[in-house]
Each structure stands twice: as structure tokens, then as C-alpha cells.
Amino acid sequence: MIKLKNLLGAISTKEIIGDTEKNITSLQSDSRKVEKDGMFVAVRGVTTDGHRYIPVVASAHVGAIVCEEFPATIERGITYIRVENSAEALGHLASAWYGYPSRELTLVGVTGTNGKTTTATLLYEMARLQGFKAGLLSTVCNYIEGRAIPSTHTTPDPISLNALLAQMVEAGCDYAFMEVSSHAAAQHRIAGLRFAGAVFSNLTRDHLDYHGTVQNYMNAKKAFFDMLPDDAFALVNADDKAGAYMLQNTRARKYTYSLRGDADFRGRILETRLDGTLLMLNGREVEVQFTGKFNAYNLTAVYGASILTGFNPEEVLVGMSRLVPVAGRFQTFRSPSGVTAIVDYAHTPDALVNVLDTIREIVGAGGEITTVVGCGGNRDHGKRPMMAHEAAVRSDHLVLTSDNPRDEEPESIIAAMKEGLTPSELRSTLCITDRREAIRAAIHAAKPGSVVLVAGKGHEPYQEVCGVRHHFDDREEVRAALDEL
């Protein structure tokens, strides 16, 4: 329970109608969860506008309503607070409600199209290797000092987010690492948080179904850097042209990492295999359990961010060799007969290119690569033919299949992907709608020494069809198919 006037100290208000001396019992932005004497924040969302539900929550006898426009009817006993942006206000109110937990933690956020999950997770693991208590907020799973909490979004809503951070503080965590999605930045889910640092990995086409243009997508990520305080650090990939853009208006201390040129943190690949890489970091060699240039970028970012976070550089270098890949990220499986299968979350054209180029570099021109891939329904239609084309160019055999079709027909998604293929590429392409059968067919047709890439879903243990999530795990399917060889 918090006195309303104390809660309102966290936000800028335009107009207030009613008593601010009352006590508030809860904070909600979901009209279905409001409580008597609680506060409801009416947020304009993607699919619905919380302002529509103000009459409903008023009848539930809430104590206060935060909105951008006052309703036509002002109910007695309720305090109405008008603000410029309800979504932004919610972030600040949630932070205040939970006692500003981000101020009690060294909070580092990671953003970018690819590499967020790996980088944030490895930073969390690095902190624990250094003997610190830490928390993680990621696409795969949230962790509070080793305790797993299922994840529903890359970045949770402000109330859930601050609740998790508060639990981390209560558990004695010193550090917290989190993925910051473009949606979260655009929707002000991170408003009110105090970050000690931010990392930018890269920017390629993604989420245009939401942002509309690449520029809007890039600006959403830049907004995260623009909000950093002057005592935070901003670490960006100097090899990505968007890296410099992220730093343009930030007040934070600016740092770069690179595999190609001069930077504060420099990584170099000395030797690569399917099960690891010999990497040089700022002139020091280290053997890591990761493969591919994209992972070399992730690890260089982890190395730099770990040092900027305050960890001992020598201990960080030792820790790099002990880190292990994240579930569903270039996760490798082998059969006794010599067939290798790789499960990876690659679900953008650029990510697919990175993974396939890495596999080709290792197996050479003589090794056969089969790619099993689909595209999600109700998402960016424009990338579908691009995904198929990039896979076909870099694979000897291609199997187009279903991903998470959601509310679309899988066959129509596959048809859209086929539009990116030339007649010759179509001749080496199979279309198998059933993902289980697609994986099984690709692995059963593979020769000893060849590689099958199953791309798109990675760690996800489900397949979403018509709004229902059915259990489906690419890793389980790959193991089962390999066991049949």
C-alpha cells in the first residue's frame, strides 16, 4: 500500500481531479485484474486501447485512474490523473511501486537484431563465475540467482519487469542482465529503469510488421541509448553501421568492439571448428566453446561488457573459456554414423546467412548442407522469400516447412517463401508442411559427414497454431531422428 501523492512523485502530470492523500493498494494496466482502491493505468496498446475500459474499472471502485484523456463521466471517489503518455507513466509508476529496484542493481541491457539472448545470458553466467549473485531477463528464460522463471516475452511488461527486478534485489543479486527488444523500447516498457550499461549487437531487417520501416526499428533501439545516464557505459559493434548511430545522442561513456578494425575491445578468430573456436581478445588467446563469426562478435561484446561492468579482466578471460552455448543457439547434435544436426534460432535473413556461412566455412566446399526452415505467421511477410533465397544459395538441399503458423495457413507461408527461389533452386527444394516430418526427412537423407541445419525456432518448446501452443521442440525431434539412423 502506497500513498497516492508519493506514487505520483514518479511521473509528470498534466491535470489531477480528486484526492491524492488516499492509499493505493495495487497497480494494474490490465482492466481484468484491477482491485478496489487500486490504480489503473489506461495504456494505448497495439490491439486495444485501455481508455475503453475506464468505465469498467471505475465500477470496480478503483482508487485512481491514470489516462491521457479524461472520460466523459467523472466518478466520485476516484482520483483521475492525466498524463502525456500513459505507457511511459506506467514504467515510472511500476518502478516506484516496487521501490526502484533497478537502482539497487547493476543493470545492463542488451539490444540488437541478433545476439541479444546469447550476450545477455553469457553476461549473467560470467557474473556468477566471478562469484556474484545475478539475475537474467531473456527470451529463453528468466533467472533469479539460478532459479528459473518461465519467460513469455523478450522484455516483460513494466509491472512484471519491476516485480522480477525486485525479486532479484530481495534474493541479494548484485547484477542483472536483460534483453531490451525494440518493442520494449517503443512501448516504454523500460521507462523508469536505471541502466548501468547498454550493449548493441547489430541491426538487420526484423519486426517490420510492427515498426513499419527499418528506420523506425533502428530509432526504437536508439531510444534505449538516448535514455542512459552519464555514468553508464554504451558498448556498440563498430563493424555494424548502426553502431555509431546508437551513440549519437547518448550521455553514456562510449565504447566499441570489433572483429575487423580498431576498437576498445578487439576480437579475432584464429581457428574455428564445429565444437569451438580459438579466439584472440585484445591480444590474448582463449579457447571458447562456441562456433562462428556471429558468436565471436557475441563473445567480444561479453568480454568488453564484463570489463566495463567492473569484473577483473584476467578473471574474465579465464571465464570466457568456461562459458557454454545458450540452448537452441547453434546447438550441435551428432549421430554415430557421422551426421551432424544443428538447431539454431535464426529467424531473420541475416541470422540465417551468418549460421550457414559458418557451417560452410567449417565443412568446406565438399561437405553437404541441408537446411530445414520456415517463417512465422502473422509477421513480416517481406522476409519470407528472402529467407528461402538465402537458405537456398548457401545449402545443397533445402526443406521448406512450417514454423509457428499462428493464424495463417502454413501452405500459404511456404508458397510465399518459394517466390524467392529460382527455377534451379526449386529443383533442390522440398516442401514438407509437417515440421516433424521435414526434420526427419532431412536427417534420414543426410550422408555421413554432412550437416543438417534446423533453423527458426531454436529453444522454443512449442509450435503455435491458431492461437494454441502445442508441444514441439526441434531439439527433441532432431535427437529422435538421429537415433533412427
Side-chain angles (χ1 to χ4, degrees), residues 1-104 135 137 142 144 147 149-153 155-171 183-184 187-193:
M1 187 178 295
I2 300 178
K3 192 171 286 291
L4 178 56
K5 70 175 183 181
N6 295 337
L7 203 54
L8 295 182
I11 62 174
S12 296
T13 60
K14 299 182 74 173
E15 188 178 356
I16 299 175
I17 299 175
D19 178 22
T20 61
E21 293 293 329
K22 64 176 64 174
N23 289 319
I24 297 298
T25 59
S26 63
L27 174 68
Q28 289 292 343
S29 61
D30 186 336
S31 62
R32 297 164 296 183
K33 298 179 181 179
V34 296
E35 300 175 7
K36 184 177 183 297
D37 297 324
M39 173 183 278
F40 172 69
V41 183
V43 175
R44 300 188 193 278
V46 178
T47 57
T48 187
D49 184 351
H51 290 76
R52 293 173 50 193
Y53 302 100
I54 288 177
V56 176
V57 299
S59 66
H61 305 292
V62 294
I65 295 174
V66 177
C67 52
E68 295 173 14
E69 296 177 6
F70 286 146
T73 303
I74 301 297
E75 301 287 350
R76 292 183 61 186
I78 297 176
T79 303
Y80 294 82
I81 301 105
R82 189 162 66 88
V83 296
E84 182 69 31
N85 187 304
S86 295
E88 185 173 1
L90 177 61
H92 289 280
L93 289 166
S95 185
W97 182 262
Y98 285 100
Y100 300 98
S102 65
R103 299 180 185 180
E104 306 300 317
L137 296 165
N142 301 317
I144 299 176
R147 178 167 63 91
I149 299 173
S151 174
T152 56
H153 293 80
T155 310
D157 67 87
I159 298 173
S160 301
L161 175 53
N162 279 277
L164 286 166
L165 292 174
Q167 290 180 55
M168 292 177 191
V169 173
E170 187 177 353
H183 291 73
Q187 295 169 8
H188 303 285
R189 287 186 228 160
I190 55 174
L193 299 185

Report the distance from atom [atom1] of [X] to atom [atom2] of [Y], rounding to the nearest 0.5 Å.
{"X": "Ser160", "Y": "Arg189", "atom1": "OG", "atom2": "CZ", "result": "10.0 Å"}
{"X": "Asn162", "Y": "Leu93", "atom1": "CG", "atom2": "CG", "result": "10.5 Å"}
{"X": "Leu164", "Y": "Ile144", "atom1": "CG", "atom2": "CD1", "result": "5.5 Å"}
{"X": "Arg147", "Y": "Asn142", "atom1": "CZ", "atom2": "CG", "result": "10.5 Å"}
{"X": "Leu137", "Y": "Leu161", "atom1": "CG", "atom2": "CG", "result": "6.0 Å"}

Is there side-chain contact between [X] and [Y], with at least one heavy-atom pair below 4.5 Å?
{"X": "Asn23", "Y": "Asp37", "answer": "no"}
{"X": "Leu4", "Y": "Met39", "answer": "yes"}
{"X": "Ile17", "Y": "Phe70", "answer": "yes"}
{"X": "Asp157", "Y": "Asp30", "answer": "no"}
{"X": "Glu75", "Y": "Val57", "answer": "no"}
{"X": "Ile74", "Y": "Tyr80", "answer": "yes"}

Shortest non-hydrogen contact from [X] toward [Y]:
{"X": "Ile11", "Y": "Ala89", "result": "CG2-O, 3.7 Å"}
{"X": "His188", "Y": "Pro158", "result": "O-CG, 4.4 Å"}
{"X": "Ser95", "Y": "Pro101", "result": "O-CD, 3.7 Å"}
{"X": "Phe40", "Y": "Ser31", "result": "CE1-N, 3.7 Å"}
{"X": "Ser59", "Y": "Val56", "result": "OG-O, 2.5 Å"}
{"X": "Ile2", "Y": "Ala96", "result": "CD1-O, 4.3 Å"}

Output yes when a side-chain donor or acceptor of [X] lies under 3.5 Å from a complementary backbone atom of [Y], and no otherwise.
{"X": "Thr25", "Y": "Lys36", "result": "yes"}
{"X": "Thr13", "Y": "Ile81", "result": "no"}
{"X": "Lys22", "Y": "Gly63", "result": "yes"}
{"X": "Lys5", "Y": "Glu21", "result": "no"}
{"X": "Tyr53", "Y": "Arg32", "result": "no"}

Considering residues at least two apart in sequence or located in another chain, which fulfil the salt bridge (charged side-chain N to carboxylate O under 4.0 Å, His left out) criterion with Arg44?
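Here the qualifying residues are Asp49, Glu68, Glu69.
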So, using salt bridge (charged side-chain N to carboxylate O under 4.0 Å, His left out) as the criterion, who are the partners of Asp19 when residues are at least two apart?
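Testing Asp19 for salt bridge (charged side-chain N to carboxylate O under 4.0 Å, His left out), a comparison that skips the adjacent residues, returns none.
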Out of Val41, Leu7, Leu27, which residue meets the side-chain contact (heavy atoms from CB on, under 4.5 Å) rule with Val66?
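Of the listed residues Val41, Leu7, Leu27, the side-chain contact (heavy atoms from CB on, under 4.5 Å) partner of Val66 is Val41.
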Stepwise side-chain contact (heavy atoms from CB on, under 4.5 Å) test for Trp97 and Ile24
CA-CA 10 Å; Trp97 182 262; Ile24 297 298; 3.9 Å; yes
